[in-house]
Amino acid sequence: IFNIVGVMALPGIIAPGPFDPAVLYRDYPAMLLLTVLFFLFASNFSMRKGGDINRFEGSILLAVYLAYMGLLYWQAAN
């Protein structure tokens, strides 16, 4: 993980380039939502031991991911 973060971040630090503004209003919120949901489902805040994700919680994560993929497909088609 450290090598990926170091190698991927270094070119951006040396010579930053332009990026699509859609990243800020479409991709980052989706990434943040999935990260928060995963943390809440897998953490001990859910009053369970072991941090397991049950089928219902996995289905929610999968549905959010599929909705995000559908949004990307729909925006690419238009």
Side-chain angles (χ1 to χ4, degrees):
I1 292 173
F2 176 76
N3 285 339
I4 291 173
V5 170
V7 169
M8 297 301 284
L10 195 58
I13 293 171
I14 293 172
F19 63 93
D20 189 14
V23 170
L24 293 177
Y25 67 84
R26 181 191 64 208
D27 298 337
Y28 281 164
M31 180 178 60
L32 184 63
L33 173 68
L34 283 168
T35 302
V36 168
L37 283 175
F38 182 73
F39 175 75
L40 290 175
F41 291 158
S43 69
N44 289 330
F45 292 115
S46 61
M47 303 299 176
R48 290 176 300 183
K49 303 246 180 188
D52 294 335
I53 296 176
N54 61 32
R55 287 182 187 213
F56 178 70
E57 294 166 342
S59 299
I60 291 172
L61 290 171
L62 181 62
V64 171
Y65 174 73
L66 291 175
Y68 173 68
M69 287 291 119
L71 175 68
L72 289 178
Y73 178 77
W74 181 75
Q75 286 183 347
N78 290 332

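What you are looking at is a predicted structure, and each value in this text was computed from that prediction instead of being measured. Residues: numbered from 1 along the sequence shown.
Among residues two or more places apart in sequence or in another chain, the side chain to side chain contact (heavy atoms under 4.5 Å, CB included) test is passed with Val36 by Leu32, Leu40. A search for side chain to side chain contact (heavy atoms under 4.5 Å, CB included) contacts involving Leu61 returns Leu34, Leu37, Phe38, Phe41, Ile53, not counting sequence neighbours. Leu10 meets the side chain to side chain contact (heavy atoms under 4.5 Å, CB included) test with Ile14; sequence neighbours excluded.
No donor-acceptor pair closer than 3.5 Å links the side chain of Asp20 to the backbone N or O of Val23.
Linking Ile, Leu, Val, Met, Phe, Trp and Tyr whenever their side-chain heavy atoms come within less than 4.5 Å puts Leu66 and Tyr68 in one cluster.
Here the closest non-hydrogen pair linking Glu57 and Asp52 is OE1-O, 4.0 Å.
Using a 4.5 Å heavy-atom threshold, the side chains of Met31 and Asp27 count as separate.
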